[in-house]
Amino acid sequence: MNQVPFITVEGPIGVGKTTLATALSTHFNYHLLKEIVDENPFLGKFYENIDEWSFQTEMFFLCNRYKQLKDIKDRYILNDMPVVADYHIFKNLIFASKSLEAPEYKKYEQIYHILTDDMPRPNIIIYLRASLDTLLKRIEKRGREIEKNISPLYLEQLSIDYDLKMQAFEKQHPDIPILHLDGDQLDFVHNKNDLQYIIDMVTTSIQTRSTKA
């Protein structure tokens with residue numbers, strides 16, 4: 001496992017991943033890696049017709065995230081420079097498994113492993129979750145045009161899929177700490193105490209890793 005801190009914030013759409021990752025990047029003075037969303041030319045069409053546009057959408061995300069991770073590996077991780085990201089590339093498998101039919105998903109999964117198996121993996125994960133009402137309110141508040149057609153049922157199932165993925169990930173990677181945070185209870189945007197609580201958790205996790213190194 002990489003010893004240089006590589007922290008990722010994960011959770012369903014609208015939970016506040018980028019906001020928290022940005023705050024942590026500023027506090028710790030770590031490089032911020034942000035996922036590419038708005039540049040995906042298929043995403044708006046995907047939310048309107050998942051069956052028709054799913055493969056194009058997922059492949060665009062996979063190729064772009066692979067390029068981002070390769071750059072992070074070459075420019076930062078290999079040079080002992082810490083990174084905090086607002087996504088983990090395993091999210092690709094969560095979304096692809098929801099939208100692709102079995103034959104397409106099998107091909108997609110093969111490509112995923114070819115591209116990512118030698119890429120650096122985060123060694124601290126922050127998992128943000130929130131109720132459907134909270135997610136819908138935050139999505140509406142940020143007002144992204146491409147997200148206006150997201151189905152509440154899709155979003156609800158996505159949250160369930162994230163929970164299942166995290167449970168499986170913890171069993172498969174017991175050496176990687178996952179910090180679970182309740183987005184309904186913690187307001188790290190408007191409450192400095194809540195943000196400090198998260199910072200303290202992350203600090204402890206970093207120090208624990210350093211001690212074991």
Side-chain angles (χ1 to χ4, degrees), residues 1-13 15 17-18 20-21 24-25 30-43 46 50 53-129 158-180 205-206 209 213:
M1 184 171 62
N2 297 322
Q3 295 308 317
V4 59
F6 184 6
I7 302 167
T8 190
V9 183
E10 258 300 355
I13 300 169
V15 78
K17 299 182 293 293
T18 303
L20 180 56
L24 294 175
S25 170
Y30 289 177
H31 175 74
L32 176 63
L33 170 62
K34 295 172 62 176
E35 68 173 331
I36 298 171
V37 176
D38 294 342
E39 295 179 19
N40 190 327
F42 306 107
L43 193 57
F46 169 79
I50 293 176
W53 294 99
S54 57
F55 192 79
Q56 298 94 320
T57 302
E58 302 302 342
M59 285 304 302
F60 181 93
F61 276 133
L62 178 58
C63 291
N64 275 273
R65 289 167 183 161
Y66 162 75
K67 179 60 167 62
Q68 284 187 303
L69 275 183
K70 187 177 185 304
D71 290 344
I72 285 296
K73 176 183 178 181
D74 294 342
R75 299 180 185 178
Y76 296 93
I77 300 299
L78 292 180
N79 292 305
D80 294 328
M81 299 172 65
V83 175
V84 57
D86 69 353
Y87 73 93
H88 190 305
I89 199 165
F90 72 44
K91 76 184 300 174
N92 287 59
L93 294 179
I94 298 176
F95 283 84
S97 66
K98 287 177 59 60
S99 60
L100 298 178
E101 296 294 332
E104 282 190 326
Y105 179 74
K106 185 176 181 180
K107 294 177 183 178
Y108 178 90
E109 190 177 23
Q110 291 172 341
I111 298 171
Y112 171 90
H113 287 297
I114 290 171
L115 291 178
T116 66
D117 279 354
D118 63 345
M119 288 294 103
R121 290 178 171 81
N123 42 44
I124 297 174
I125 296 175
I126 300 170
Y127 178 39
L128 273 174
R129 63 189 316 279
L158 179 63
S159 296
I160 294 172
D161 293 341
Y162 257 105
D163 283 342
L164 293 174
K165 179 65 175 179
M166 284 298 173
Q167 292 171 14
F169 188 90
E170 284 185 298
K171 292 180 180 179
Q172 295 167 1
H173 305 279
D175 56 327
I176 300 178
I178 298 180
L179 311 181
H180 295 258
S205 188
I206 294 172
R209 287 189 60 263

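Just so you know, residue 1 is the first one in the sequence shown, and it goes up from there. Values in this document were obtained by computation on a predicted structure and should not be read as measured data.
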Residue pair Asp117, Met119: steps toward the side-chain contact (heavy atoms from CB on, under 4.5 Å) verdict: CA-CA 6 Å; Asp117 279 354; Met119 288 294 103; over 6 Å; no
Check: [Y] main-chain N/O paired with [X] side-chain donor or acceptor under 3.5 Å:
X     : Y      : value
Lys73 : Asp118 : yes
Asp80 : Val4   : no
Glu35 : His88  : no
Asp86 : Lys17  : no

To check you understand the geometry: which heavy-atom pair defines the closest contact between [X] and [Y], and what is its length?
X      : Y      : result
Asp163 : Arg129 : OD2-NH2, 2.6 Å
Ile206 : Pro5   : CG2-CG, 4.3 Å
Tyr30  : Ser25  : O-OG, 2.6 Å
Glu58  : Ser99  : OE2-OG, 3.4 Å

With a 4.5 Å heavy-atom cut-off, do [X] and [Y] have their side chains touching?
X      : Y      : answer
Phe6   : Pro82  : no
Phe95  : Leu158 : yes
His31  : Arg75  : no
Gln68  : Asp71  : no
Ile77  : Val83  : yes
Lys107 : Leu100 : no

Could you grab the distance from atom [atom1] of [X] to atom [atom2] of [Y], nearest 0.5 Å is fine?
X      : Y      : atom1 : atom2 : answer
Asn92  : Thr116 : CG    : OG1   : 8.5 Å
Thr8   : Lys91  : OG1   : NZ    : 8.5 Å
Tyr105 : Gln110 : OH    : CD    : 11.0 Å
Leu93  : Leu62  : CG    : CG    : 8.5 Å
Leu115 : Ile89  : CG    : CD1   : 7.5 Å
Ile126 : Leu128 : CD1   : CG    : 7.5 Å

Met166/Ile125 under side-chain contact (heavy atoms from CB on, under 4.5 Å): CA gap, chis, key distance, verdict: CA-CA 10 Å; Met166 284 298 173; Ile125 296 175; 4.1 Å; yes
Lys98, NZ: over 12 other non-hydrogen atoms inside 6.0 angstrom: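 Yes.
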More than 12 heavy atoms from other groups under 6.0 Å of NZ on Lys70: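 No - once you tally the heavy atoms of other residues, nucleotides and ligands closer than 6.0 Å, there are 12 at most.
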Lys NZ or Arg CZ of Arg65 over Tyr87 ring: under 6.0 Å, within 45°: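 Judged by the rule (NZ or CZ under 6.0 Å from the ring centre, within 45° of its axis), Arg65 counts as positioned above Tyr87.
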Within 45° cone and under 6.0 Å: Lys165 NZ/CZ vs Phe90 ring: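 Yes, Lys165 lies over the aromatic ring of Phe90.
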Any side-chain donor near an acceptor of the partner, Tyr127 and His180, under 3.5 Å: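 Short answer, no.
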Whether Tyr112 and Tyr108 hold their rings parallel, tilted or perpendicular, with breakpoints at 30° and 60°: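 Answer is parallel, since the angle falls under 30°.
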